[in-house]
Amino acid sequence: MLCVSSCFRATEEEQQAQSKKALKKQQKEAEKAAKKAEKQAKLVSVSFPDRELVRVQDLTPEKADQLIWLRARVHTSRAKGKQCFLVLRQQQFNVQALVAVGDRASKQMVKFAANITKESIIDVEASVRKVEQKIESCSQQDVELHVERIFVISQAEPRLPLQLEDAVRPDGEGEEEGRATVNQDTKLDNRVIDLRTTTSQAIFRLQSGVCQLFRDTLTQKGFVEIQTPKIISAASEGGANVFTVSYFKTSAYLAQSPQLYKQMCICADFDKVFCVGPVFRAEDSNTHRHLTEFVGLDIEMAFNYHYHEVIDSITDTMVQIFKGLRDNFQTEIQTVNKQFPSEPFKFLEPTLRLEYTEGVAMLREAGVEMGDEDDLSTPNEKLLGRLVKEKYDTDFYVLDKYPLAVRPFYTMPDPNNAKYSNSYDMFMRGEEILSGAQRIHDAQLLTERATHHQIDLEKIKSYIDSFRFGAPPHGGGGIGLERVCMLYLGLHNVRQTSMFPRDPKRLTP
Amino acid sequence: MPMYQVKPVSGDMEVDLPTCMYKLPSFHASHGSSGSPEHALQNGEVDPAVKALEARQDEIMRKLYELKAAVEGLAKTVTTPDADLDLTVSSSLSSSTTFKGTTDLDALLGKDLGALRDIVINANPAQPPLTLLVLHSLLCQRYRVLSTVHVHSSVTDVPPQLLSCLGPRHADSYARHMFQLGFTLIWKDVPKVQMKFSVQNMCPIEGEANVARFLFKLLAPYPSDPAAATLVDSWLDTAFFQLAEGSAKERAAVLRALNSALGRNPWLSGPEFSLADVACYCCVLQTGSAASTPANVQRWIKSCDNLGHFGPAKRLLQ
């Protein structure tokens, strides 16, 4: 701004220059005001323009030279003199955008673009241009956007609690190049931002796919979806690991599993049921694979002659889920693998079924000492998983005929051998994902077994009562959605596959 | 299980015991004097002699089972229709088809750890291993074999006849421990046929020829005469390398060699049917030119057909 000092006789030139500068200043302020107005306009649903927004994933060379509108987040912005490079991100996809001083953009606009904070949501009108050299760092590698108009829809605060590019960096790479990676607690504390990363988007899309495939496969097999109550009056299995809630003048418990109600549905002639719902376990285990609340996918079905019909049904469902993921979610699997590399998941169809004695024999051959009726410890389970992987090349298998002594009281004993039971566990990558069995459907035998396990019969009276009026032979099992996703993708912590995880130390977000 | 009783041969009679030897208390008398044998059982103890007897009984039952399987195998071959068979061949038929010589599963596969001994074979569905299917059916005649077929996640489409190539599901397949041997065939994207058995003690075996050698040893030992054993081996390699994988010229040369060998003997390695015949038959069948082979080879093919073991292989090629 020119300082017009006490100069009484300003020359005409000086006057002209003064007015030119004033004019420019006025122009600038007008632009600023206009921009501010447009920005504020976007905060309110003032008008409904007939404008189509193109998705970033659809930006391909076919759209070259088209003028399009697009809404995305600012992933990064970098100004260099008369140009500003932006990377615009939409879920797993991103594209490079260029704001350059020219006939469509002014210097102020370039400065404005460079100052937009990261993670702000913006609308751009831009023309799509093909590029000769592939842009390696973006998902859309063959095109870039030349921006003509740019508006901020929702501004983000300038200081982000974590940087998304740090959150997506593989751990090893961070250490090598001295760049930051974000540790899990920070990610979980700022889950909203962490979930925006390409990896998280891929993980939860895959998880949604698992749920969808589970429902679709079972519905095709004639199963009915049921919803079971989660506030229950009596702790079902052990009593030690349940949460208590105050229930008006008494207390109640949060359901540890939908077991009792699944079985009651079978006794109520629903034949084949499944349910998807939360499961609450008050286990003070701070491990990589335990949560206090998780999503349980549970199956129960009546069978005709042999409980292997149940195993076949469950394993076929799992195989259909694996096939569906293998065939339809490769993009998501590759995205996760970029940050967390792992071996692809292998399985056999029909699923491999080994007997418990075979598993024990394989472990003994490998040098493990254990008794015939001992339960498998977690390290032994992992070792057995490795041995099975080496011999059969499968990450998923069933171990059948567990010893009766290590199973819950409602497990049906093996009629041919009293030491064993009609029960089974299923493993993915050597970790247990399902524990199931044929259930005792005879009230008297159930009472005997409960007494043998020293369970208070009064507490399970209604459970036993459901079998008194004709119950079909039945069996089933349940899996944890988070654990299955974690193991399928080869991740190492179940909190990565739980959107807002709950464990003994975490209650928020 | 009750055993049959024999009436005492000798009644009560005086026996002059020799005095030059030392005396032992009478085994039978002491039993009677301490009361009935049930007394021992009432204390909750089982007489060790009874246990030993039970063990012997189990052993005898097992041997009987194996004998029964062998006899059944023999019966099958004797009743096979063989109207076109040469007289020179028929004499060797009854002795050759149920491979002579005893084999001990424990010696070949390692100590029985009380669970199913499962042989895992990985094969590519584009090149089904016919020889192994034939050996599988021979194994089923010899032992109680639990056969299963799986498709690995590395392949997507497997034609249905490959899924049922090991025959129908055994009625007892719900109880794996009731079988002596497991035969698990996995259709997988592998370059060569691969066999795995004991992950701790054995490395994987690769190549259809080598797996065939291993499986054959479960049926009968190799001929003890090294010359005969080498002959079998050389035919095996010829079949897999030159007949199955060779050019048209190589195949023609092999067929000529087969023709001259079969001119001298009814079977490839001499008077008896052997692994060489199994392998060469399967490879000739796979080349698809069975009809245009020389005369001796045609005759030999007919003899093999009459044995009835090659059903599974032929069904697969249809």
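Just so we're clear, the structure is a prediction, and the values are computed from it rather than from any experiment. A note on names: the letters A, B, ... follow the listed sequences, proteins ahead of strands, and every chain is numbered from 1. When reading the values below, keep in mind they use all heavy atoms of this one structure, side chains included, and skip hydrogens, waters and symmetry mates.
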Stepwise salt bridge (Lys or Arg N to Asp or Glu O under 4.0 Å) test for Asp414(A) and Lys419(A): CA-CA 8 Å; Asp414(A) 185 352; Lys419(A) 273 203 321 182; over 6 Å; no

Interchain contact, Phe322(A) with chain B, by part (heavy-atom threshold 4.5 Å): neither

Heavy-atom contacts under 4.5 Å, residues 202-210 of chain A to chain B: none

Glu358(A) with Arg176(B): basic N within carboxylate O range, under 4.0 Å: yes

Atom group of Thr351(A) that falls short of 4.5 Å from chain B, counting heavy atoms: backbone

Tyr410(A) six-ring centre to Arg439(A) NZ/CZ under 6.0 Å and within 45° of normal: no

Any donor-acceptor N/O pair, His474(A) side chain to Pro472(A) backbone, under 3.5 Å: yes

Main-chain N/O of Tyr402(A) paired to Ser421(A) side chain as donor or acceptor, under 3.5 Å: yes

Under 3.5 Å: donor-acceptor pair, side chain of Gln180(B), backbone of Arg144(B): yes

Main-chain N/O of Arg315(B) paired to Gln161(B) side chain as donor or acceptor, under 3.5 Å: no

Salt bridge flag under 4.0 Å for residues Arg483(A) and Glu432(A): no

SB check Arg386(A) Glu390(A) (cutoff 4.0 Å): no

Under 4.5 Å from a heavy atom of chain A, the part of Val149(B) involved: backbone

Minimum heavy-atom distance Ser423(A)-Thr411(A), with the two atoms named: CB-CG2, 3.7 Å

Parallel, tilted or perpendicular: rings of Tyr307(A) and Tyr424(A) (30°, 60°): parallel

Salt bridge present between Asp233(B) and Arg213(B) (N-O < 4.0 angstrom): yes

More than 12 heavy atoms of other groups within 6.0 Å of Gln334(A) CD: yes

His306(A) atom NE2, over 12 foreign heavy atoms within 6.0 Å: yes

Electrostatic pair Arg449(A)-Asp442(A), nearest N-O below 4.0 angstrom: no

Exceeds 12 heavy-atom contacts within 6.0 angstrom, atom CD of Glu59(B): yes

Candidate pair Lys51(B) and Glu54(B), rule salt bridge (Lys or Arg N to Asp or Glu O under 4.0 Å), full reasoning: CA-CA 5 Å; Lys51(B) 265 200 188 147; Glu54(B) 272 179 32; over 6 Å; no

Expected output: side-chain Lys346(A) to main-chain His152(B) donor-acceptor under 3.5 Å: no

Positions in residues 185-192 of chain B that reach chain A, provided some heavy atom is under 4.5 Å away: Ile186(B), Lys188(B)

Lys272(A) NZ/CZ over Phe303(A) ring centroid, <6.0 Å and within 45° of normal: no

Options Glu349(A), Met362(A), Arg326(A), Lys323(A), ranked by heavy-atom pairs under 4.5 Å with chain B, top entry: Glu349(A)

Contact residues of residues 369-376 of chain A (partner chain B; heavy-atom separation under 4.5 angstrom): none

Heavy-atom contacts under 4.5 Å, residues 116-130 of chain B to chain A: Leu116(B), Asp118(B), Val120(B)

Proximal component of Leu352(A), with respect to chain B [non-hydrogen, under 4.5 Å]: both

